[in-house]
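Worksheet: the structure to be examined is printed underneath.
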Protein chains: 2
Amino acid sequence: MTTIKDIASRVGVSITAVSQVLNNKEVGIKKETKEKILETARELDYKPNYLARGLITKRTKTIGLIIPDITNPFFPQIVRAIEDTANKMGYNMILCNTDDNLDKEQLYLDILKEKCVDGIIFTSSTESTLKHEDLLSKIKSPLVLLDRGITGDIRIPKVYTHGYNGLLLGVNYLVEKDHKKIGFISGPETSVTAKERLKGYRSSVEENGLETKSEWIYYGDYKVETGEKAVKELLNRDPEITAIISANDLMAVGAMREIKNHGLRVPEDISVIGFDNIQISRFVDPALTTIAQPSYRMGELATELLINQIEDKEIPKKEHELEPKLIVRDSVTFRR
Amino acid sequence: MTTIKDIASRVGVSITAVSQVLNNKEVGIKKETKEKILETARELDYKPNYLARGLITKRTKTIGLIIPDITNPFFPQIVRAIEDTANKMGYNMILCNTDDNLDKEQLYLDILKEKCVDGIIFTSSTESTLKHEDLLSKIKSPLVLLDRGITGDIRIPKVYTHGYNGLLLGVNYLVEKDHKKIGFISGPETSVTAKERLKGYRSSVEENGLETKSEWIYYGDYKVETGEKAVKELLNRDPEITAIISANDLMAVGAMREIKNHGLRVPEDISVIGFDNIQISRFVDPALTTIAQPSYRMGELATELLINQIEDKEIPKKEHELEPKLIVRDSVTFRR
DNA sequence: TTGTAAGCGTTATCAA
DNA sequence: TTGATAACGCTTACAA
């Protein structure tokens, strides 16, 4: 590796001159020397050493991203958006998977600090909001919370999709199609986002003047298999349900499978709506009607907020609630 | 941030002593002082600064991962495996998406070097093997090539799935089911892996004493839409085809859709086999029979090879060709 | 217009 | 047993 020292001695100037020129910060350097420096740098294929630079500037141009699991099809879009945006703004991204495990979150938070990342985008585990506040309050570096809302501390910028409105969209659409008994496969009772969606479901059902029985609600964990279990259970509790909304697509996919297993058809016998609009939802049969989160935009926005924060630019507001959108495909039809 | 200096002055020893103790390299330090140092470090919540450490040790405990696109469902599994394994071995991972764009590959290679990563796992673009050799020969840091084979330079360790054998598995299975006219949706003609799979298709069809017409082969680009186009084209060229193998699952999914659009049934009219075993393949209808790549193992192995290389451990061999496996689901049946 | 020197937080060498 | 001190590659205040 060539260093500025090499260039300096080669050109016959001080390292200061070289440093200044290479950073476009020359106060007064002759054009001639400047060009000689630039040329020699190219010749020697000079690459600045970010470690050395970071040690003094306190900037590494690297951000950390903590998510539960890149294997969860909800995340690739977001991660891609974050990496794209970071790259565009001159940053790189260290990826960390926590499996929603608090210890791993703690571990990564520590490591990222040791590695001197300039900021962190954090998608917290679904549980124990309280412990998180504790955990995050210790972080000094810029931070943006993504997707999984953490209630409480308003000082940290947050980006998420308006789950309440999302369910409104879904329920209203089903009501238009004359459905009256609508089941709901919820996320975990402990999750903030899940609660939000559940609230949206309940309110919009009631606003439409329909019944809302607690036996129509099943608490799941966002996994495909759980969607299957949910349908078994819901249909057992009340065989007259004609539509089911799921708090995420994965469970909706499971639900559709189980409905078919029951010898029923989607959507003719039971209509299904998902949430997220992951890639898979386009390819199941029938294609899944779903409430889309603007994933790419979420990642992009989170990154912009983080980097603006890092670079001391103003942040207009802390809470960024993006609007979901209903994607109509083929898994919903009029009540039989 | 507390530094070893802080600890040293607090305890009343030299920074040397602190550094040694914290790194478990004490040659001769009294147990007493050692414990005092450790305790103070904990008290002050000391975290080592990797920039400073790296500057002198030439190690950052960070690796780079360059892939085309995390949004391609083939990659999340691999990326997860790499991150898991790296983390287990004390490393973190910087993720880079290149979109198979040579300029971006070059850019990231440079950046990763500047950031002083200890090594790089690289999944190259499908094209221009030649330019790559040029590109990679300049890299001095440890390197492992993943998935997309780069022919030529044998000095760089490679990890990939035996595509030839994969197609053998698929074709033989179709032959067992009495299929005689088997279409093939290939990857791009320029891609090394695609060529390998195509060769496997051709050889095994011939070995089974069947015909292999070039009109049964369609060259695609691994995308869903291309699978649709491929079926249109193939069925147009020869309506008697009773089975189709696709060089990846995404195109197989597209193929299945288009077959249905044609008013034909999968598998009763046309059987379909994919390649990769991405998550989606389980959820399409019928569930896709496919040739699985051991994705997790590939990521794990690549990471082990890289880190062993970094840490100067012996690498037994350079080429690591993993065996594919046929996953039988519901998209293949006996010829009608 | 240019150079000297201090300092960032570590590790490593050698002397005490 | 322990501690000065140099060094890593860079930026930056200040001096010339």
Side-chain angles (χ1 to χ4, degrees), chain A residues 1-38 40-41 44-62 110-118 140-141, chain B residues 1-38 40-41 44-62 90 110-111 113-118 140-141:
Chain A
M1 273 304 249
T2 62
T3 70
I4 51 170
K5 227 179 190 168
D6 299 332
I7 300 178
S9 72
R10 178 93 158 237
V11 178
V13 294
S14 75
I15 58 167
T16 310
V18 177
S19 172
Q20 283 183 350
V21 167
L22 259 24
N23 289 300
N24 276 320
K25 282 186 182 171
E26 337 99 62
V27 185
I29 300 244
K30 254 197 299 189
K31 223 178 171 181
E32 216 176 280
T33 26
K34 179 179 170 175
E35 257 153 36
K36 227 190 296 180
I37 289 170
L38 252 20
T40 319
L44 300 180
D45 192 32
Y46 169 77
K47 301 252 160 45
N49 181 323
Y50 268 77
L51 297 186
R53 179 181 284 174
L55 200 51
I56 188 156
T57 61
K58 306 290 180 204
R59 289 276 147 89
T60 54
K61 293 280 185 179
T62 303
D110 284 346
I111 293 180
L112 290 176
K113 202 171 178 184
E114 294 177 359
K115 296 257 168 111
C116 303
V117 297
D118 296 337
K140 292 286 161 41
S141 56
Chain B
M1 271 305 250
T2 62
T3 70
I4 51 170
K5 229 180 190 168
D6 299 331
I7 300 177
S9 72
R10 178 93 158 236
V11 179
V13 294
S14 74
I15 57 167
T16 311
V18 177
S19 174
Q20 283 183 349
V21 167
L22 258 24
N23 288 300
N24 277 320
K25 281 186 181 171
E26 336 97 63
V27 183
I29 300 243
K30 253 195 299 188
K31 222 179 175 183
E32 216 175 282
T33 26
K34 177 179 171 178
E35 258 153 35
K36 229 191 292 181
I37 289 171
L38 253 19
T40 319
L44 299 181
D45 191 32
Y46 169 77
K47 302 249 160 46
N49 181 323
Y50 268 78
L51 297 187
R53 177 181 288 174
L55 199 51
I56 188 152
T57 61
K58 306 287 179 208
R59 290 275 146 89
T60 54
K61 293 282 186 177
T62 303
D110 284 346
I111 293 181
K113 201 171 179 184
E114 293 178 359
K115 295 258 169 112
C116 303
V117 297
D118 296 337
K140 293 286 162 38
S141 55

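Proteins get letters first, then strands, A, B, ... in listed order; numbering begins at 1 in each.
B/E32 places its CD atom 11 Å from the P atom of D/dT1, with the value rounded to the nearest Å. Atom CZ in B/R59 sits roughly 24 Å away from atom P in C/dG9 (whole-Å rounding). Atom NZ in B/K5 sits about 13 Å away from atom C1' in D/dA4, given to the nearest Å. Residue A/R53 contributes atom CZ, which lies 18 Å from atom P of C/dG9 at whole-angstrom precision. Atom CD1 of A/I4 is separated from atom P of D/dT12 by 11 Å (rounded to the nearest Å). When the P atom of D/dC10 is taken as reference, atom NZ of B/K115 falls 15 Å away, rounded to whole Å. As a whole-Å value, the separation of A/Y50 OH from C/dC8 C1' is 17 Å. With rounding to whole Å, B/I29 atom CD1 is found 6 Å from D/dT2 atom C1'.
Residue B/T16 is classed as a base contact, given a heavy-atom separation below 4.0 Å to a base. Using a 4.0 Å heavy-atom criterion, one finds that A/I15 contacts the bases of the nucleic acid, with or without backbone contacts as well.
Listed pair A/S19 / D/dT11 meets the phosphate criterion, a side-chain N or O lying under 4.0 Å from OP1 or OP2. OP1 or OP2 of C/dA12 has at least one side-chain nitrogen or oxygen of B/K25 nearer than 4.0 Å. Between B/K47 and C/dG9, a side-chain N or O to OP1/OP2 separation shorter than 4.0 Å is absent. In this model, the phosphate group of C/dT10 is approached by a side-chain N or O of B/Y46 to a distance below 4.0 Å at OP1 or OP2. Proximity of B/S14 to the phosphate of D/dG3: a side-chain N or O atom is located under 4.0 Å from OP1 or OP2. Under 4.0 angstrom from either OP1 or OP2 of D/dC10 there lies no side-chain N or O belonging to A/T57. Using a 4.0 Å cut-off, no side-chain N or O of A/K31 falls inside it from OP1 or OP2 of C/dT1. In terms of phosphate contacts, B/N49 brings no side-chain nitrogen or oxygen within less than 4.0 Å of OP1 or OP2 of C/dC8.
Taking the side chain of B/N23 as heavy atoms from C-beta on, and the options C/dT11, C/dG9, D/dC8, the nearest nucleotide is C/dT11.
Summarising the geometry of A/L55 relative to B/L51, their closest heavy-atom pair is N-CD1, 3.7 Å, with the distance given to 0.1 Å. Residues B/V13 and B/I37 come closest through the heavy atom pair CG2-CD1, 4.1 Å.
Considering only heavy atoms from C-beta on, B/Q20 comes within 4.5 Å of B/I29 through its side chain. Residues B/T60 and B/K115 form no side-chain contact, since every pair of their non-hydrogen atoms from C-beta on lies 4.5 Å or further apart.
For B/T57 (side chain) and B/R53 (main-chain N/O), a donor-acceptor pair under 3.5 Å exists by modelled atom type.
Across the interface with DNA chain D, nearest-nucleotide mapping of B/I56 and B/A17 shows B/A17 to be the residue nearer the 5′ end.
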